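Each remark here refers to the structure printed beneath this line.
Owing to the predicted nature of the structure, the values given are computational and were not obtained by experimental measurement. Note: hydrogens, waters and symmetry copies are ignored here, and every other heavy atom, side chains too, is used.
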Amino acid sequence: MSLELVGETRFSDIVAERFDAGIRLGDDVQKDMIAVRVSPDMQMCAVAAPGYLKIYGTPKTPFELTEHQCISLSLSSGGTLAWEFLDPITGKTAKIRPQGRFTANASPVLVSAAQAGIGIAWTPKDMVAKELADGSLTEILADWRMSYTGYHLYYSDRRADSPLFGALVKCLKE
């Protein structure tokens, strides 16, 4: 057995591109695919270095992010990822197009940039748990935190009968 991983920030048609499987957030899996949850729900959070917040202040709502340097995730398909926040009063989603001088196509780079004081990043909370615990990053807008259905391995029914593929699915579920 051999395994090839391809990490991209775009939606791929795994059948047309001849992949055996893909991983997406549960709400983004196509309805004609078999999906197996492989992670808990994902909470997003906005973070910044304490030094950045001391100099530039702490936004109280997502709409104040326009006054800040935001560190954006660039997408393979072009543009940057919109940030979503859940209004704690109305329950409605606020979508923000972050503005800033720094973008990257890998979340760990965004986290490092935030730690360096370049600006505010929006990232999965579990990805910055260590930095939040050690104080190198501070969560902001916690009341506005957005959650998404966790990651799912998805594949077409043509792979469902393969014992080798079944072993991979079992391993990822554990």
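Contact annotation: the side chain of Ile96 never approaches that of Cys70 to less than 4.5 Å [non-hydrogen atoms, C-beta and beyond]. Looking at Gln115 and Val47, their side chains never come closer than 4.5 Å, going by heavy atoms from C-beta outward. For the pair Met44/Ser147, no side-chain contact is recorded, criterion being any heavy-atom separation below 4.5 Å from C-beta on. With contacts defined as side-chain heavy-atom distances shorter than 4.5 Å, the pair Phe85/Leu65 qualifies. With contacts defined as side-chain heavy-atom distances shorter than 4.5 Å, the pair Thr123/Leu110 does not qualify.
Closest heavy-atom contact between Trp122 and Ala46: CD1-N, 4.1 Å. Of all heavy-atom pairs between Ala49 and Leu137, the closest is N-CD2, 3.8 Å. Nearest heavy-atom pair across Arg97 and Ala82 is NH1-N, 3.4 Å. Considering all non-hydrogen atoms of both residues, Gly150 and Asp41 come closest at N-OD1, 3.2 Å. Across Pro50 and Gly135, no two heavy atoms sit closer than the pair CG-O, 3.3 Å. When all heavy atoms of Ile120 and Pro59 are compared, the closest pair comes out as CD1-CG, 4.0 Å.
Note: Leu141 CG to Met146 CE = 14.0 Å, rounded to the nearest 0.5 Å. Atoms CZ and CG, on Arg37 and Leu153 in that order, are 13.0 Å from each other to the nearest 0.5 Å. The OG1 atom of Thr80 sits 13.0 Å away from atom CD1 of Ile71, with the distance rounded to the nearest 0.5 Å. In this structure, the separation between CH2 on Trp144 and CZ on Phe63 is 5.0 Å, given to the nearest 0.5 Å.
No chain of hydrophobic side-chain contacts below 4.5 Å, direct or via other Ile, Leu, Val, Met, Phe, Trp or Tyr residues, connects Ile140 to Val128. Connection of Met42 to Val111 is not established within any shared hydrophobic cluster, with ILVMFWY side chains joined at heavy-atom distances below 4.5 Å, either directly or through further cluster members. Leu81 and Met127 are members of different hydrophobic clusters when ILVMFWY side chains are connected at heavy-atom separations under 4.5 Å.
Residue pairs meeting the salt bridge (Lys or Arg N to Asp or Glu O under 4.0 Å) criterion with at least one partner in residues 119-134, sequence neighbours excluded, are Lys125-Glu139, Lys130-Asp134. Residues in residues 46-67 take part in these side chain to side chain donor-acceptor pair (under 3.5 Å) pairs, two or more places apart or across chains: Tyr52-His68. Within the structure, ring-ring contact (aromatic ring centres under 6.0 Å, His included) contacts touching residues 95-119 (residues at least two apart or in different chains) do not occur.
Of the possible polar contacts, none joining the Ser74 side chain to the Thr103 backbone as a donor-acceptor pair under 3.5 Å is found. Counting only distance, with no hydrogens or angles, the side chain of Arg101 and the backbone of Ile118 share no donor-acceptor pair below 3.5 Å. With hydrogens and angles disregarded, no donor-acceptor distance shorter than 3.5 Å links the side chain of Asp87 to the backbone of Thr93.
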